[in-house]
Protein chains: 2
Amino acid sequence: MPSARYGSRPTMKDVAARAGVGLKTVSRVVNGEPGVTPETEARVRSAIDALGFRRNDSARILRKGRTASIGLVLEDLADPFYSPLSRAVEEVARANGSLLFAGSSAEVPEREQELALALCARRVDGLVIVPASDDHRYLEPEMAAGIATVFVDRPAGKIDADVVLTDNAGGAREAVAHLIAHGHRRIAFIGDRPHIHTAGERLRGYREAMADAGLPVAPDWVSMGPTTPDHVRAELARLLGGTEPVTAIFSGNNRVTVTAVRVLAEHVRPVALVGFDDFELADLLRPGVTVIAQDPARLGRTAAELLFRRLDGVSEAPRRVELPGTLIARGSGEIPPSLAP
Amino acid sequence: MPSARYGSRPTMKDVAARAGVGLKTVSRVVNGEPGVTPETEARVRSAIDALGFRRNDSARILRKGRTASIGLVLEDLADPFYSPLSRAVEEVARANGSLLFAGSSAEVPEREQELALALCARRVDGLVIVPASDDHRYLEPEMAAGIATVFVDRPAGKIDADVVLTDNAGGAREAVAHLIAHGHRRIAFIGDRPHIHTAGERLRGYREAMADAGLPVAPDWVSMGPTTPDHVRAELARLLGGTEPVTAIFSGNNRVTVTAVRVLAEHVRPVALVGFDDFELADLLRPGVTVIAQDPARLGRTAAELLFRRLDGVSEAPRRVELPGTLIARGSGEIPPSLAP
DNA sequence: CTGAAAGCGCTTACAG
DNA sequence: CTGAAAGCGCTTACAG
């Protein structure tokens, strides 16, 4: 058992006193700086061990300026889409000697701001943000003060900043063109709420692909709203019912796709489905689910690497990096249009 | 644009000078302490706004002792099993006004230690750890110095500490008893490497259930090793081949189950499967996958709540909290034994 | 090779 | 109601 009282820890001063040396000498030993005789060093080390000393990095940070920590603001720590992204950011932070603060905005703009500013108050060196808000002017003073910031998955709002994202419109175009190539003309889009950037971009890609093929889009084929199972189920019932049901669905994200798979499994008539975002086991379902896969690990890695380049002093204009989506055909997107009932 | 030079930020001293007040008065306003006339407060606030001041929490922390941050050491940030767990820990931290540092050990004991000690050097108030190591004596000085520590999913090694985990042996017993009840006698267990605590416990449950039913366990029915797809495939080929193949598989975790599902889908003869750990879409596969579900969110919440109780000064003896697993029958576990080839 | 002094940006304890 | 001084535990810049 160490001799320290519960809740109080030995400091460099204590080590110096016990070793009979100056404070700076202890600092030199702890930080592996040169210029200490082996004999002195040994005395210091044994004092460190006897006292159970460990350097207080908070104090060090205060003095040095850089905190060797970065912040990650996600939409939801528990969303599997962000798991590889988080992990990639962590790996890059680790490689750069930084620790990672992580938190979720729960898709609430105020919470994103609260969390980002709390991280700034801790003086993280930089921030990787999956935006929930569409106005990031609140970050301007922080960025001007030197906190590097990179947005990922969605662009920043009302400020000019680095962003790394998937080519959402392009991926959506490819998805819809794929359905058209398989004979569909009546194709619905079910996406997230319209104020979400990715949802808007995917809708744009859908419309462009339809226009490119000279196909009309009936207003009620587009459904933008919450991605809760209940809402998606209701929308699917509407789209697949009536006298002129759609023959194919383009689902705008992961959550929607999973619900669509459940509903279509119970549906009498086969309906084609292409989803945005890949997910585990998509290949094991019957039929396998055709998707536009993003690469969340690469998104995270690219964003974090850009962040650390900024921290190293690279100060070119803000960049926008777009990564391509990849169509993976597995069966559900290759179902031909079935005759109307 | 704020007037601050890039990389340097205004301090309370700057605010005090500009507002023509003392340092302590600024501190009072920033922290919402009483005893400032509205007029003085207004002067201070306008100086804060003009300068773009934000309190440096690192300095505050150094002075106050508590850092209002906790650390989370996971096995892998990208493992979907830990996503709800992380999120629950984050929620509890947030509710207690703390920020969360998160990192992965990648199942490497040295990396767990490196990460945990780095967090201690930052003087986190507490630590939630999913252990990769089986010797945590390195944490004793830290815990004695007041860093609260709760282990989750697996117990600490060689020290007495709080732990929150699933009743692994009990869940495994239930899984195997379920297969036995459906007529199986030749049941294999494929688990993680034997030094991993959960793997050992699940093996114990398997053996107990077999013994309870008076069934022998052939040595080659037990396979403990890496959960990589290649290894699991090879083991399954062995278990399902030969002259006396097993008729049912109890898979010891998530990763193994997913590979088993893939292999069994291609297998000629139907083989029963029960997996430890639930996973998304398990119900949508054909057949649905019968599992022993853990509740990772509850594991995380319970661990974090225990941690904050400790931080509030509750100092009873270390506790061991076991949460039950839940059998969810979906089809794969109810397949009857098929005749040997 | 070694160390005393000043300071990082706050809060605490105290005095007016 | 307000503020000057001391100090949290380190590092920096400088002197011996």
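These values consider heavy atoms only, across backbone and side chains, with no hydrogens, waters or symmetry-generated copies. Since the structure is predicted, the reported quantities are computational estimates derived from the model, not experimental observations. Note on naming: letters A, B, ... go to the chains in the order of the sequence lines (proteins, then strands), and numbering restarts at 1 for each one.
- By the ring-ring contact (aromatic ring centres under 6.0 Å, His included) test, B:Y82 pairs with no residue at all, sequence neighbours left out.
- Between B:T37 and D:dT2 there is a side-chain N or O to OP1 or OP2 distance below 4.0 Å.
- Under 4.0 angstrom from either OP1 or OP2 of C:dT2 there lies at least one side-chain N or O belonging to A:T40.
- One cannot find a donor-acceptor pair under 3.5 Å joining the base of C:dG9 and the side-chain atoms of B:R55.
- Spacing between atom CG of A:N56 and atom P of C:dC8 amounts to 18 Å, rounded to whole angstrom units.
- Where A:V21 and A:R63 each meet DNA chain C at their nearest nucleotide, the meeting point lying more 5' is that of A:V21.
- Proximity of A:K64 to the phosphate of D:dT12: a side-chain N or O atom is located under 4.0 Å from OP1 or OP2.
- Contact check for A:D135 versus A:Q113: no side-chain heavy atoms found under the 4.5 Å cut-off.
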Do any side-chain atoms of residues 158-165 of chain B form donor-acceptor pairs under 3.5 angstrom with protein atoms, and if so which ones, sequence neighbours left out?
from   : atom 1 : to     : atom 2 : distance (Å)
B:D162 : OD1    : B:R310 : NH2    : 2.7
B:D162 : OD1    : B:R319 : N      : 2.6
B:D162 : OD2    : B:R310 : NE     : 2.7
B:D162 : OD2    : B:R310 : NH2    : 3.2

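- Of the candidate nucleotides C:dT11, C:dG9, D:dT2, D:dT2 has the atom nearest to the side chain of B:T25.
- C:dG9 atom C1' lies 15 Å from atom CZ of A:R122, rounded to whole Å.
- As judged by a 4.0 angstrom heavy-atom cut-off over every strand, A:S58 is placed among residues making no nucleic acid contact.
- Put simply, CD on B:E41 is 17 Å from C1' on D:dG3, counting in whole angstrom units.
- Rounded to an integer number of Å, the gap from CG of A:L23 to P of C:dC8 is 17 Å.
- Not counting sequence neighbours, A:T302 has no partner by the side-chain hydrogen bond (donor to acceptor under 3.5 Å, both in side chains) test.
- The distance between atom CD of B:E33 and atom C1' of C:dC10, rounded to the nearest whole Å, is 12 Å.
- For A:M12, whose side chain is taken as the heavy atoms from C-beta onward, the closest listed nucleotide among C:dT2, D:dG9, D:dT11 is D:dT11.
- In this structure, CG on A:L115 lies 8.0 Å from OG on A:S104, to the nearest 0.5 angstrom.
- Side-chain nitrogen and oxygen atoms of A:S27 include at least one within less than 4.0 Å of the OP1 or OP2 phosphate oxygen of D:dT11.
- B:D57 comes within 4.0 angstrom of nothing in the nucleic acid, heavy atoms only.
- In the displayed structure, A:E316 atom CD is contacted under 6.0 Å by more than 12 heavy atoms of other residues, nucleotides or ligands.
- The pair B:E75-B:R154 counts as a salt bridge, with a side-chain nitrogen and a carboxylate oxygen less than 4.0 angstrom apart.
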Between protein and nucleotides 13-16 of chain D, what N or O pairs are separated by less than 3.5 Å?
none

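- We find that CG of A:N31 is positioned 10 Å from P of D:dC10, with the value rounded to whole Å.
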Pairing pattern in dot-bracket form [Watson-Crick, G-U; both distances under 3.5 Å; | = partner strand] for DNA chain C: |||.||||||||.|||
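- A distance of 11.0 Å separates CZ of B:F101 from CD1 of B:I70, quoted to the nearest 0.5 Å.
- One can place CZ of A:R9 at 11 Å from P of D:dG9, the figure rounded to the nearest angstrom.
- Between A:A59 and B:G20, the residue anchored nearer the 5' end of DNA chain D, judged by the nucleotide with its closest heavy atom, is B:G20.
- A salt bridge between B:E322 and B:R320 is present, with a side-chain N of the basic residue lying under 4.0 Å from a carboxylate O of the acidic one.
- One atom, CZ of A:R66, and another, C1' of D:dT12, lie 18 Å apart when rounded to the nearest Å.
- Judged by distance alone with a 3.5 Å cut-off, no donor-acceptor contact links the side chain of A:R60 to the base of D:dG9.
- With sequence neighbours excluded, the residues that form a side-chain hydrogen bond (donor to acceptor under 3.5 Å, both in side chains) with B:R111 are A:E91.
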